[in-house]
Structure formats: C-alpha cells, structure tokens
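Taking it in order: structure first as structure tokens, then the write-up.
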Amino acid sequence: MATTLPSLSEDQAEAWDRVAQQLHGMGVDLARGTLEPAAEGKSTVLAVLGKAGSGKTMLLASLTRALIEAGVEVVSADWEGRRRKDRRTVAVLAPTNKAASVLRLRGVPATTIHRILYTPVYDPQYEKLAEWLAGQAARPQVEGMTETALDRARAFYDQVPSIPGALAAAGLRGSDFIRGWKRREEPLDIGLVDESSMLDDRQFQDLREIFPALILFGDPAQLAPVGQSGKMVFDDLGAARTLTLGRIHRQAAGNPILDLAHALAEPDLRFEEFERRVEDAARRDDRVVVAQRVDSDLMARSPVLVWRNVTRIRLIAAFRTAHGAPEDQLLPGEPLICDGIELPLKHRKKRIDLEARGLIKGAQVIYLGPGRRDGFARLHVVGADEPQVSAAAIIKIEKPDEEEPFIPAAAQMGAAFLHGAAVTIHKAQGSQWPEVQVFATDLWAAAQAGRTEAGLPLWKRLAYVAITRAETRLYWVVRNRLARPQRPLGVDDLRLTAAPGRLELAGQD
C-alpha cells in the first residue's frame, strides 16, 4: 500500500525526497509503502538542519507516520518484541526527557537516547503477556492474574499501545514485571534524532553503532555542547549528507518570539538595538513582555535562563528566601536539576536503573518530600512516562559567596541534584516551557565581554537559544530584582498517581 504523503512546502518536500532516497537505499520505500529486509553492512547518516520554526518537527512527525504506514514498527524503551529477519523498526529519540515529552505531546512516539541504550529485562511470565498484547503470541495464563485483569490489559493496549501502561491497568507495578536494565547489545534499524545539536561525540558514536540508518534533526544556531570546541556532531558530515530548511513557516502566523529570534542573524545587529526591538514587540503583542522583576512564582516550574553561574546562584538564593524556605531543608514543590549519578563502577546496575527511569544529567525534577529512609527523596521527573520515583539523592544548594554548597539531603551515593529555579542557557537546550523568563542583564554582560562562538557573537547564540525555549510567552527581564510570590510552593499541579511500590529506586526505600 502506498504511503500517504503529507502536504509540505518546497524546501520540506526537497528534504523529504532526500530522506526518502536514503531510506530507499536501506530497503524502505516510502512512496510505495513497501519494505525489504535490512541489508547487512549498509549504513547511512543524514542531517536535516533548520532554525526554530523551519518545520523540522513537522518533517520528523511526517516521516514517522509514513514509516509506520509502510509497516515499520516503532521501538519504544518499554518493551521490545522478538527479533525477526524481515522486521523493520524505527526509534524516535531526544537527548532529554523534556525534549522527548515535547514530541510526544505532538503525537510523535519519542523516547530518550538513554532509554534506548538501556533496555528493560522482563520477568519471563510477564514477557509472555507482553508478547500476547503485541500480537506475537496466544493469550497466556499468568499465575496470580485473573481473566478480568487480562481483559483490562487488552482493552488498555488497544487504546494506548504501551506495554507498561497495559500491565499497570491489570494491577501490576513496575517492580513486578521489570527485573532490571541492561545495555543494548543488538543493533536496531532506523533512528530519528531530534535536538541533535545537543549531542556530543560519544553519544553520536553510540547511536551510529546501534542504528545503521540515522537521521539527525538539529538547529545550527544553538550552542554547541560544552567541551565540543563550538562544533556540533553534524558539522563534519559534509554537504552531501546535510539538508537545510531555509523557510521559516511559523513566521506566517505572526509569532513575535520567532521574529526576534531570527533577527539575531543580522550581522550588524548590536545588543542595544536588539533590546529596542524587544521593547517594540512588547508594545505590539502581549506574547512578549519587558519585565522589571523576575516572577518568583513562575520560577517554580519554568527556570529563569541566565548566562553566568554567579547569577544563577544569586537568583536561586533570592527565590528560596522569597518563598520562606528554611536553610536546613527543601519545601515540597521546589524545582531541581539532575547533575549526574554519583555511583562507583561496581554499582553499574543501579546507575542504569536511575538513568533508564529518567534521572539523567539535565533532567528537570520537582521535590515532593523526603523518602522513608535517610538520604532518600521522593521526586517528580518532568517529562518521564512514570514521573514519580524515590531515589537515593544528593541535593546541593549553592549559596552566594560560599565555596561549599548547602546539602539539605544526602545519601552516600545516588543521583545528584542542583536547585532548578534558575539554570544556565546551555542547560536549557532541548527544553521548552509555555512561558520563559530571560535574564537580559546577563546577556548584556555577554555582549560587553565581546566573546564569540563558531564565528558568531556569544550573546547572539545565548539570546537565540533562550528566546526559542518559550512556546507562548517571553519575559525579557531588564532589572536585577525579584517580585514577591503570590502563592505558596506546592505539588497540587503534578500527577501524583504512582503506587507506593513503584517508588522504589536504587534501594528499598
């Protein structure tokens, strides 16, 4: 059956044809909707580049739908069926939970790179149940499960094709059917990677080892990963393997946020002139706001974006003071950022478990309260499929003019966290929030410093990344002041549905 082609602009159609040509060489014919078994030893890498609003996400979503229509199976991080020689698969990936959740909200079945690198190991009896739900085996008899429970799992899966979701509908917890996690050993097939400007060389090589057909979607105007010398992984691919979307489609809707972002490409634009354009946009459209103070209420879920670490630390201290947070403990509802996993190599299994459940470096987390054991914290991982976890945590609160951070909760080892009311623009890449505050005085400082990155003034790259994190409203904060909060911190806005048994992570809490 021929695949239904989407309605695309001229540059998107050209990119579609180039991608389709590459996939055709790998045995997937999107025009006819036919598949051939994957050929051994063949590989391809292609990059689709474009600035914000150029239609990269629309093209990625259209390609995903076309691959599914052609019979290519989506591989999620939740469960993977038996391998077959004639089976063709696709995985849609993003570097962070937040970036993956943005895609899922747009109907794209995305997961994180970590969740593909590390796969769950199912208990054998529940593996049979998963195979039945996926249409690969007959209806099983599972010890301890009634026929009614199996019917509930079937009904859920028919509506939402999620194995863990279906097993939860049958009354199971994640700890019932997942025994652990392992590093993927077998290669997959087709990989579509969003926000590829965030990839470092090691992640790129990991992906190339797993996916013979790899298509990257990225924004060359963003900031390169720290330690990459201003280069992104697609910079060395060459013209033959790089496609550029030039037209900015969302500008047709009169989006002032995107207009400002793309104005930064003007070579002679100075910071002072750009700030006047921000002021002009704010007078014309309420989607842009010139703010005299930072909104402390908004910081609880959408961090202030800054350039300098010293600014970040001072804003966090002001946020905690404004909310009356005591120095010796966190309040439920305070935002955190995962700063990595502090575990020795002998605890590799625990590290994999933490990362597979969303606690990867840069993950946005909301503190829910202390765990049942010393050193444990109950956490809501923003953008994760099962967001509520309890983990051995090392939480560090940095203070102005103090070298050592304050640590309100600490296990001997586990997931490390920094406060998340303010983050650097580098760490904000890959994330979006409905409303975003940009600390403009920091960008002015970057402009005064006169630094460049990959041939562009650093302040322009910083401003571009910061501005494009805003989905619906941009706050351009021009003064070093914080407004008083209008409501107390809390967790009522979060989905708190996880059963107690699902909160066990990196130890029995």
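Throughout, residue positions are numbered sequentially from 1 according to the sequence presented. Keep in mind that what you see is a predicted model, and the values were worked out from it rather than measured.
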query: Got a sec, which residues hit salt bridge (charged side-chain N to carboxylate O under 4.0 Å, His left out) with Arg320, two or more places apart in sequence or on another chain?
result: Glu334

field: Non-neighbouring partners of Arg283 that pass salt bridge (charged side-chain N to carboxylate O under 4.0 Å, His left out), sequence neighbours left out
entry: Asp280

field: Gap separating the NE2 atom of His114 from the CD atom of Gln203, nearest 0.5 angstrom
entry: 7.0 Å

query: CD1/Ile215 to CG/Leu63 distance, rounded to the nearest 0.5 angstrom?
result: 6.0 Å

For [X], what residues pass the side chain to side chain contact (heavy atoms under 4.5 Å, CB included) criterion, not counting sequence neighbours?
X	value
Pro488	none
Ala421	Met299, Ile316, Phe319, Pro335, His419
Ala317	Pro400
Pro485	Ser296, Asp297, Ala322, His323

Validation row: [X], [Y] side chains within 4.5 angstrom (heavy atoms):
X	Y	result
Ile337	Val365	no
Leu458	Leu223	yes
Leu443	Phe271	yes
Phe376	Arg372	no
Arg314	Asn480	no
Thr57	Leu103	yes

[X]: side-chain hydrogen bond (donor to acceptor under 3.5 Å, both in side chains) partners, not counting sequence neighbours:
X	value
Lys427	Asp339
Glu327	Lys399
Arg277	Glu266, Glu273
Arg312	Asn309, Glu398

- line: The complete set of ring pair (Phe, Tyr, Trp, His ring centres under 6.0 Å) pairs with one or both residues in residues 464-483, sequence neighbours excluded, reads Phe274-Trp476

field: Residue pairs fulfilling salt bridge (charged side-chain N to carboxylate O under 4.0 Å, His left out) with at least one residue in residues 433-450, sequence neighbours excluded
entry: Arg308-Asp442, Glu435-Arg473

